[in-house]
Amino acid sequence: MCMSVPRYWRERAYRYRLVGTECLSCGRRYYPPRRVCPVCHSRNLVEVKLPERGVVVTYTIIRSPPRGYEKYAPYAIAVVELLDGTKVLAQLTDIDLSEVEIGMEVEAVFRKIREDGEEGIIEYGVKFRPRLTGH
Amino acid sequence: MREVAIVGIGYTKIGELWERSLRDLFVEASLRALEDAGIDDVDALYVGNMMSGTLQEQEHLGALLAGYIGHPGIAAAKIEAACASGGVSLHQAYMAVASGLYDVVLAGGVEKMTDRLTPDVTFSLAMADDMEYTIYSGVTFVGLNALVYRLYMHKYGVKQEDIANFAVLMHENAVNTPHARFRRRVKLEDVLRSPLIADPIHLLECAPISDGAAVLVLTTLERAKKLTDTPIVIRASAVATDYLSIYERDDMLSLRATVLASRKAYKQAKLEPKDINVLEVHDAFTILGILALEDLGFAERGRGAVLVKEGEIAPDGRVPTNTMGGLKARGHPVGATGIYQAIDAILQLRGDAGKNQVPNAENALLQSTGGVGGTVAIHILSRAD
Ligand SMILES: CC(C)(COP(=O)(O)OP(=O)(O)OC[C@H]1O[C@@H](n2cnc3c(N)ncnc32)[C@H](O)[C@@H]1OP(=O)(O)O)[C@@H](O)C(=O)NCCC(=O)NCCS
Ligand SMILES: [Zn+2]
């Protein structure tokens, strides 16, 4: 189950910093990043840093987790629509599970995703927490 | 293109079959199918399977199983399209006969899931979605469907009990199905009181982890007429895909691949939803059953649950659906499921469906879904007369 170091390392910018791609022909943005725009078929796409704030479009609470995530369960997963309209999927953190709701404002934070066993690497990525007021 | 017919069916019981191996299950289903067809000259074999590599540490199923069914030498390959592996295997077999390249082809499927513990199976099933980005978050396959379920209730104001009702009907239908995984009734209260797996999805709204194998024998309609009085014609065979992960789609409440593949299929068969007497939908979770009724054109968007409530999808209703219990209660040995759907429909078309027989069943539509609609295979089968 251990993920190889190169496999983890090569995706780090996209996973750590919410970097997606934008189509320069039609303006559509994608996460995960793509080389070809499926809407207008342009290959003229560039990397773009996506906004870190958004709202919860839908959510679930994972109670029967996959191998490797057992010790974090139960945890919330949401589809978040970012301020530019791009949708991403991520865990919610720093929140009481009974308080999660559709429409809540959230912001991205850098967090540990899982420890890959005793020998594997510690994997990190973006989670979302309720938006702190006043910033 | 040549007209293609199904002349033989073979299948095992679905269950936690600890005494049976993957190859053992597949061989049993194949030999039964060939006996049913009354032939043994096979040109090619397609094996629908999703997880033999991760759950059984076995790949190369085409050659392995071709040999064990007694036909080393034939063309053979494993077909993988997540939970739609069975439906896509049938599509490959259909093309092989229709094109004129092969005359007799086996379209099979097999999955051996119960040798592993649930967290391992859960991890393997999640491979139907994007491992690098989506599954990395810790979401499960049940969880992805739960995201759709919650949004559906929110958008349309539909109550959970109306969606969960789908599972009650599936268990009812499976009571009379000898090969079903669960042959017991459940009440709506039982479903809603069963443990939550990924909110709002309860245990009794999920298809069970199961073992099973199923095989069809395909040949030309011309030859089929000499072999049997009840050949079943494949009137349409279509496959479509969509963005793999739901959040990449503009509309998360419609499986576009179902819409695309079914519209192609209706056109190929020159039929409309009103001509379909038997429907097999991929109800891996209750919400997927409801969405299928809408995307296939049997209900308006947001109104699928109404058909269930009004008894329209029961065996004596207007659109009899999953008359043998569907994925929920007949069972869901993933790569074999698309083939079991065909078999359950063929039993209806042949008039061999027992207590759940739909009178005068002529046309059946099958929907085999991979992931949350990343791949959908649609087939329309009809009685040849
Ligand atoms: C829902 C799920 C996690 C339950 O697995 P589990 O927690 O390991 O359940 P267990 O095996 O411990 O079973 C507990 C009991 O519930 C029953 N059971 C398990 N799954 C069931 C189901 N889906 N429906 C009805 N009963 C079920 C078992 O028979 C057992 O009954 P018993 O105590 O009388 O023997 C599992 O069935 C699952 O992952 N299903 C979804 C499979 C899937 O995603 N398929 C691909 C979709 S395309
Ligand atoms: Zn574009």
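Chain identifiers are assigned alphabetically (A, B, ...) following the order of the sequence lines, protein sequences preceding nucleic acid strands; residue numbering begins at 1 within each chain.
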Given the rule in the side chain to side chain donor-acceptor pair (under 3.5 Å) test, do Asp96(A) and Ser98(A) qualify, once you have shown the distances and angles that lead to the verdict? CA-CA 5 Å; Asp96(A) 185 336; Ser98(A) 64; 3.1 Å; yes
Let me see the working for Tyr149(B) and Phe285(B) under ring-ring contact (aromatic ring centres under 6.0 Å, His included), right down to the final yes or no. CA-CA 9 Å; Tyr149(B) 197 143; Phe285(B) 306 96; 9.3 Å; no
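For Tyr136(B), the parts lying under 4.5 angstrom from a heavy atom of chain A are both the backbone and the side chain. Only the side chain of Ile102(A) comes within less than 4.5 Å of a heavy atom in chain B; its backbone stays farther off. The contact between Arg34(A) and chain B is made entirely by side chain atoms (from C-beta outward), counting heavy-atom distances below 4.5 Å. Arg29(A) does not touch chain B: none of its heavy atoms, backbone or side chain, sits under 4.5 Å away. Contacts between Ile113(A) and chain B at a heavy-atom distance below 4.5 Å involve the side chain alone, from C-beta outward. Only the side chain of Glu70(A) has a heavy atom closer than 4.5 Å to any heavy atom of chain B. Using a 4.5 Å cut-off between heavy atoms, Val57(A) touches chain B through backbone and side chain atoms alike. Heavy-atom distances place no part of Leu125(B) under 4.5 Å from chain A, backbone and side chain included. Looking at Tyr59(A), the atoms closer than 4.5 Å to chain B (heavy atoms on both sides) sit in the backbone and in the side chain alike. Residue Leu144(B) touches chain A through its side chain alone, counting heavy-atom pairs closer than 4.5 Å. Proximity to chain A (any heavy atom under 4.5 Å) is shown, for Asn145(B), by neither the backbone nor the side chain.
By number of non-hydrogen pairs under 4.5 angstrom with chain A, the leading residue of Ala146(B), Gly143(B), Gly138(B), Ala198(B) is Gly138(B). Contact count versus chain A (heavy atoms, under 4.5 Å) is highest, among Val121(B), Ile197(B), Thr134(B), Thr122(B), for Ile197(B). When Val88(A), Val80(A), Thr86(A) are compared by the number of non-hydrogen pairs under 4.5 Å with chain B, Val88(A) comes out ahead.
Residue Ala329(B) comes nearest to Ala174(B) through the heavy atom pair CB-CB, 3.5 Å, listed as atom of the first residue, atom of the second, then distance. Scanning all heavy atoms of the two residues, the minimum distance from Met252(B) to Val148(B) falls at O-CG1, 3.7 Å.
The CZ atom of Arg43(A) lies 15.0 Å from the CG atom of Leu24(A); values are rounded to the nearest 0.5 Å.
A salt bridge links Glu59(B) with Lys78(B): the closest approach of a Lys/Arg side-chain nitrogen to an acidic carboxylate oxygen falls below 4.0 angstrom. A salt bridge links Glu57(B) with Arg116(B): the closest approach of a Lys/Arg side-chain nitrogen to an acidic carboxylate oxygen falls below 4.0 angstrom.
Taking the ring centroids of Tyr31(A) and Tyr133(B), they lie under the 6.0 Å cut-off.
The side-chain tip of Arg12(A) does not point at the ring of Tyr16(A) from less than 6.0 angstrom away and within 45° of straight on.
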